[in-house]
Amino acid sequence: MSETRQPIVYIISAPSGSGKSTLVNELLKLVPDLDFSISYTTRDRRGSEQNGKEYNFVSREQFEEMIRADEFLEHATVFGKHYYGTAKRFLREAAAKGRDLLLDIDVQGAAQIKQKLPDAVSIFVLPPDRKTLEWRLRKRSEDAEDVIQRRLVAASREIENYDKYDYVLINDKLEESVEGLQAIVRSVRLRRSGRALPGEEQRIVSLADGYRLANVRTRVLPILASFGAPSPSARV
Ligand code: ADP
Ligand code: 5GP
């Protein structure tokens, strides 16, 4: 009997400017058998983006037709404006090819996926602090000043969701972050393979464990404070 292995689904979320796209691009170069789910969106193309590469760009009518046809694994309205969604077909195609799947989606999408696929692995990327995030948004020089300000306000809200994720990666030094992200992806594969792990593989698992939510909480508190977010004890 032929058996298709269920893909491991990795979800990555982050406030805009944290370095998520940079990290995802590096990860996809380094980790074999990992597909990227190309989301559908109704927003306009930006800069050098190409249809079918970063996103599948569609009209509202096309997107709503896909909703009616039940083609989405999850979909959401992001920034209260545009539709974004993950098509079910990416999961089917990854399963057929025996590959894993990486989703770059927002907090609402991540919650929907976790409900449907509880074994999905979620990773939240944080900037080292607010000032660095602002600097990175400016350095990218993709957005006008008012857009940068809106992204910073949105970031303050988004980062409060970090504790709904399995892993939290503080993207300070790029090389370390790429190594950390790679370790998370590889360690989940190793653990789910169910076999005994020799030395080098144990090292990868230990490195990844350092990014587990329970092990980063104290490092996250000053980052939240830099955004003026309430501390967890102050929340209702
Ligand atoms: P996002 O996808 O989260 O919006 P980007 O990947 O576009 O963010 O990164 C925003 C800017 O920050 C880019 O100019 C990128 O080169 C830079 N950047 C990303 N990670 C780092 C890092 N660890 N250190 C310094 N600059 C970084
Ligand atoms: P941007 O427009 O800057 O590329 O992305 C805006 C936000 O939408 C980011 O947080 C990104 O992760 C999120 N996003 C991209 N694709 C999807 C998707 O398919 N579903 C959901 N829920 N969010 C998405």
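Note that this is a predicted model, so its numbers are computed, not measured. Counting starts at 1 for both ligands and their atoms, following the listed order.
Under 4.0 Å is where a charged nitrogen must lie from a carboxylate oxygen, and between Asp33 and Arg189 no such pair does. Ion pair Lys131/Glu134 not flagged as a salt bridge, since none of the NZ, NE, NH1 or NH2 atoms sits closer than 4.0 Å to an Asp/Glu carboxylate oxygen.
Tyr84 places none of its side-chain heavy atoms less than 4.5 Å from the side chain of Asp106. Residues Arg186 and Arg191 form no side-chain contact, since every pair of their non-hydrogen atoms from C-beta on lies 4.5 Å or further apart. Annotation: side chain of Leu103 is not in contact with side chain of Tyr10 (no heavy-atom distance under 4.5 Å).
Near Leu174, with a cut-off below 4.0 Å to any heavy atom, the atoms of ligand 1 are 20 (N), 22 (C), 23 (N). Every atom of ligand 2 with a heavy atom of Ala76 under 4.0 Å away is listed here by number and element: 22 (N).
Any N or O atom pair closer than 3.5 Å counts here, and Ser16 shares no such pair with ligand 2. Polar contact with ligand 1: present for Ser18 (N/O pair, distance under 3.5 Å). Considering backbone and side-chain N/O atoms, Gly17 comes within less than 3.5 Å of an N/O atom of ligand 1. Between Gln108 and ligand 2, no pair of N/O atoms sits closer than 3.5 Å.
Not a single heavy atom of Ala14 lies less than 4.0 angstrom from ligand 1. Ligand 2 does not have Ser13 within reach: every non-hydrogen atom of the residue lies 4.0 Å or more from it. Contact annotation: Arg43 has at least one heavy atom less than 4.0 Å from an atom of ligand 2.
Among protein heavy atoms, the minimum distance from atom 9 (C) of ligand 2 is reached at Lys20 NZ, 3.8 Å. Protein heavy atom in closest approach to atom 4 (O) of ligand 2: Tyr55 OH, 2.5 Å. Annotation: atom 13 (C) of ligand 2 to nearest protein heavy atom, Asp106 N, 3.7 Å. The single protein non-hydrogen atom nearest to atom 20 (N) of ligand 2 is Glu74 OE2, 2.7 Å, given as residue, atom name and distance. In this structure, atom 16 (N) of ligand 2 lies nearest to the protein heavy atom Ser39 OG, 3.0 Å. The nearest protein atom to atom 3 (O) of ligand 2, hydrogens excluded, is given as Arg46 NH2, 3.2 Å; this is a heavy-atom distance. Nearest protein neighbour of atom 2 (O) of ligand 2, counting heavy atoms only, is Tyr84 OH, 2.5 Å. Atom 7 (C) of ligand 2 has as its closest protein heavy atom Val78 CG1, 3.7 Å. Protein heavy atom nearest atom 24 (N) of ligand 1, with residue, atom name and distance: Arg136 NH2, 3.2 Å.
Between Tyr40 and Phe72, the two ring planes are perpendicular [angle over 60°; tilted spans 30° to 60°].
Between the side chains of Gln108 and Gln112, no donor N or O sits under 3.5 Å from an acceptor N or O. Side-chain contact of Asn171 with Ser18: a donor-acceptor pair under 3.5 Å is absent, judged by distance alone. Ser13 and Tyr165 are linked by a side-chain donor-acceptor pair at a separation below 3.5 angstrom, with hydrogens and angles left out of the test. Between the side chains of Ser206 and Asp209, no donor-acceptor pair is found at a separation under 3.5 Å.
Here atom 8 (O) of ligand 1 lies nearest to Gly19 when heavy atoms of Pro15, Gly19, Ser13 are compared. The closest heavy-atom contact to atom 17 (C) of ligand 1, among the options Lys139, Arg138, Glu175, comes from Lys139.
No cation-pi contact links Arg45 to Tyr55, judged by a cut-off of 6.0 Å to the six-membered ring centre and 45° from its axis.
Residues that satisfy the side-chain hydrogen bond (donor to acceptor under 3.5 Å, both in side chains) test with Glu158, not counting sequence neighbours, are absent from this structure.
Contacts between Asp172 and ligand 1 below 4.0 angstrom, taking non-hydrogen atoms only, involve the backbone exclusively.
Here the two rings, on Phe63 and Tyr83, have centers that are under 6.0 Å apart.
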